[in-house]
Amino acid sequence: MSIEGSSIPLTINSVIAESNEVNLEINKEIATAGQETQENAAAKEEEGFQTKKRKKISEVWNDFDTVDGSKKAKCKHCQSLFTLGKSGATSSLLRHRLNCVKRKINLRAAEQQSKLSFLPTNSASPSILTVHSGKFDMEQMREVAAHWIMMHEHPFTILDEEGFNLMMRRGMPEWHKISRTTCRTDCMKIYEIEKKKLKKSLECVDKISLTTDCWKSKTQKIEYMVVTGHWIDSCWNLQKRVLSFINIPPPRGGLQISDAIFKCMKEWGIENKVFTITVDNASSSEYPTSNLFLQEVQKIKSALDIYAQHEDLFLKQLASKMKEKFDKYWGDCNLLMAIAAVLDPTKKMLAVEFCFPKLYSELDASKHISKVKEIINSLYEEYVVEETNKGTPHLCESESFGSSSARRSLQNSVYNWDDFDDYCAKVEISETKRSELVDYLEKGRLKKNEIPKNFSCLEWWRMNRMQYPILSKIAADILAIPVSSVASEATFSAGTRVIDSYRSSLSPDTVQTLLCGGDWLRHIHGLKKKTKLKLIKKLFFQYLPLKIAV
């Protein structure tokens with residue numbers, strides 16, 4: 001047996017205990033009332049016709065107020081009214097006081113408010129704590145419910161389920177059912193709030209790379225295009241966010257796609273920051289930084305060369321066809337992979353000089369190696385010019401040492417070296433300044449025994465950005481470039497779940513809110529989507545057919 005709306009179960013023993021408690025309270029009240037009557041009678045005899053108003057000393061009046069000329073008592077918690085008898089007995093009030101559900105809820109909340117509850121702000125940063133009062137707030141529950149819907153791609157109707165609401169009311173009697181319309185509105189608000197935050201954070205990003213791909217919903221018969229942004233943040237972490245998931249009306253040509261991408265860039269204020277745009281390639285669950293691709297491509301090429309000479313006719317024909325397609329796509333030098341490998345301190349230029357002879361003929365390998373050196377030098381000079389045009393900040397007078405009068409006296413001093421600057425100018429002109437690129441390449445690469453177990457190329461550049469201020473910016477921009485449209489195609493996997501046969505009536509704006517907002521919230525709360533079996537199969541069939549065949 002339990003009281004409706006209360007999470008406190010009542011057994012027969014607890015009922016008997018409460019009845020005994022009520023009887024004790026009633027007996028105390030009767031005894032107190034008799035004592036008060038005797039004291040009042042004595043006071044009247046002493047004071048004659050002057051009478052004093054009876055003082056309420058029972059604890060029950062902490063939870064009741066008298067109304068209607070003291071004829072009735074009103075519960076402060078549930079607002080229930082009780083008629084007071086002429087004797088002034090409060091036994092009925094005591095019974096209600098012990099069984100009032102609202103009073104129990106308020107007492108529980110008061111106890112929680114007296115304690116400081118420390119809760120993590122999000123799972124991504126568990127060490128950061130925030131003070132929580134413990135008081136129930138339905139507005140916050142609505143916000144969290146919207147986060148839950150967007151992060152885990154649940155339908156709005158899940159909040160209408162009776163079992164869900166029964167569970168919530170059992171733990172929180174103050175819980176109110178959230179309609180699907182209210183939840184949709186909350187999701188739209190959260191999307192707009194998080195969009196403003198993300199747009200503000202992108203103002204501090206110098207370069208951003210985009211991946212994009214197109215997809216047609218089978219249930220809606222509508223074509224969508226997703227645009228994903230990739231960049232290195234101020235802490236040298238590789239960041240990825242879905243920026244746009246929009247409907248492209250037919251005909252879906254190159255002009256319509258380029259127009260949609262440009263509108264996305266304008267909307268986010270990144271039209272002058274886009275470094276590269278990658279379209280239509282392979283798929284997987286996550287993607288590594290671009291410095292790791294060259295060695296994998298070389299491994300695939302070596303495997304194809306071996307199996308192309310295999311004794312088994314089937315394997316030989318299969319490998320020959322794959323090798324033909326491989327040579328078609330990799331016949332030209334992929335500068336992005338090569339430069340990214342050079343910017344890996346564990347590889348540097350030696351990686352290119354080692355891989356290219358295995359990928360190309362001797363003549364082509366020599367040409368491609370020279371081309372990589374030429375391009376990386378040109379890229380470095382371009383960044384040097386860019387940094388020079390930005391100008392070096394100078395100290396203002398308030399930041400300089402000493403007062404202006406002291407500086408003037410120093411300049412006029414006989415100890416000032418007027419000819420020292422001329423001497424330095426001659427020496428600096430005659431000596432060629434050692435560039436960051438030359439210094440980086442001439443220093444030996446990190447040896448195997450010098451590489452930490454959890455080595456990160458981005459972390460190395462973050463630690464050495466003071467030594468290589470310009471080269472580190474190049475590394476940040478190059479390593480952030482996705483070699484394939486992995487992130488964009490992965491979003492379509494989520495799109496299939498969001499736009500299923502039961503939710504085919506969702507508007508394109510709502511679809512964008514759920515997919516983009518869910519992606520942002522998963523990053524905020526530190527959640528990672530589970531690898532889907534379909535994507536794993538696709539990865540195997542695209543990249544490892546030989547191993548599967550064997």
Side-chain angles (χ1 to χ4, degrees), residues 146-147 149-157 180-181 183-199 202 208-230 240-271 274 277-283 482 484-523 529 532 534-535 538:
H147 279 227
I149 292 290
M150 298 170 76
M151 285 191 297
H152 297 286
E153 300 156 1
H154 292 307
F156 296 137
T157 53
R180 67 185 74 178
T181 305
C183 183
R184 180 188 178 280
T185 304
D186 292 341
C187 289
M188 296 294 284
K189 289 179 180 177
I190 291 172
Y191 169 78
E192 293 297 334
I193 291 171
E194 296 302 328
K195 183 177 181 180
K196 289 180 181 178
K197 292 180 181 178
L198 182 56
K199 189 174 182 179
L202 288 177
I208 182 169
S209 295
L210 303 179
T211 55
T212 181
D213 207 345
C214 297
W215 169 75
K216 185 175 182 178
S217 171
K218 294 181 180 179
T219 56
Q220 289 185 324
K221 307 301 180 185
I222 294 177
E223 293 183 342
Y224 289 93
M225 185 185 76
V226 62
V227 178
T228 309
H230 311 257
K240 171 184 70 71
R241 298 291 187 278
V242 178
L243 302 180
S244 176
F245 193 93
I246 58 174
N247 164 236
I248 301 181
R252 190 187 68 180
L255 182 61
Q256 288 77 17
I257 293 175
S258 60
D259 183 59
I261 294 175
F262 183 73
K263 285 181 179 178
C264 174
M265 293 190 294
K266 289 286 290 183
E267 183 181 4
W268 286 93
I270 58 174
E271 62 271 20
V274 175
I277 300 178
T278 306
V279 296
D280 190 28
N281 207 308
S283 176
S484 69
S485 58
V486 161
S488 298
E489 290 197 12
T491 306
F492 293 142
S493 176
T496 306
R497 294 189 296 273
V498 172
I499 316 172
D500 57 17
S501 57
Y502 298 100
R503 289 173 279 178
S504 57
S505 60
L506 291 176
S507 67
D509 288 341
T510 304
V511 171
Q512 176 168 253
T513 296
L514 294 176
L515 287 173
C516 294
D519 176 73
W520 305 341
L521 292 174
R522 281 188 289 272
H523 281 88
K529 296 173 69 175
K532 299 299 176 183
K534 185 177 180 182
L535 291 178
K538 188 175 181 181

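Along the sequence shown, residues carry numbers from 1.
- Rounding to the nearest 0.5 angstrom, the gap separating the NZ atom in Lys240 from the OG atom in Ser209 is 14.0 Å.
- Atoms OG and NZ, from Ser258 and Lys263 in turn, are 10.5 Å apart once rounded to the nearest 0.5 Å.
- Between the OG1 atom of Thr513 and the NZ atom of Lys189 there is a distance of 13.5 Å, given to the nearest 0.5 Å.
- In this structure, Lys197 pairs ionically with Glu194, as a charged nitrogen and a carboxylate oxygen lie closer than 4.0 Å.
- Between Leu514 and Glu153 the shortest side-chain heavy-atom distance does not fall below 4.5 Å.
- Between Ile270 and Leu202, the closest side-chain pair of non-hydrogen atoms falls below 4.5 Å.
- A heavy-atom distance below 4.5 Å is not found between the side chains of Thr228 and Leu210.
- The OH atom of Tyr224 lies 6.0 Å from the CG atom of Asn247; values are rounded to the nearest 0.5 Å.
- Trp520 is not listed as a side-chain neighbour of Met150, based on a closest heavy-atom distance of 4.5 Å or more.
- When every heavy atom of Asp519 is checked against every heavy atom of His523, the shortest pair comes out as O-ND1, 2.8 Å.
- In this structure, the side chains of Val227 and Val242 stay at 4.5 Å or more apart for every pair of heavy atoms.
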Item to complete: Start with the C-alpha distance between Gln512 and Ser244, add both sets of side-chain angles, then the distance that settles side chain to side chain contact (heavy atoms under 4.5 Å, CB included), and finish with yes or no.
Response: CA-CA 7 Å; Gln512 176 168 253; Ser244 176; 3.6 Å; yes
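- The side-chain heavy atoms of Met225 and Asp213, taken from C-beta on, include no pair separated by under 4.5 Å.
- A distance of 9.0 Å separates CG of Leu243 from OG1 of Thr211, quoted to the nearest 0.5 Å.
- Taking every heavy atom of both residues into account, Phe245 and Cys516 meet most closely at N-SG, 4.0 Å.
- Heavy atoms only, all atoms of each residue included: Thr510 and Arg184 are closest at OG1-NH2, 3.0 Å.
- Shown here for Phe156 and Cys187, the closest heavy-atom pair between the two residues is CE2-SG, 3.9 Å.
- With hydrogens and angles ignored, the 3.5 Å screen pairs a side-chain donor or acceptor of Arg522 with a backbone N or O of Met151.
- One distance of note links CD1 of Ile261 with CD1 of Ile248; it measures 8.0 Å at 0.5 Å rounding.
- The shortest side-chain heavy-atom distance between Ile149 and Cys183 falls under the 4.5 Å cut-off.
- The two residues Lys199 and Glu267 have their closest heavy-atom pair at NZ-O, 3.0 Å.
- Cation-pi contact between Lys195 and Trp268: present, with separation from the ring centre below 6.0 Å and deviation from the ring axis of at most 45°.
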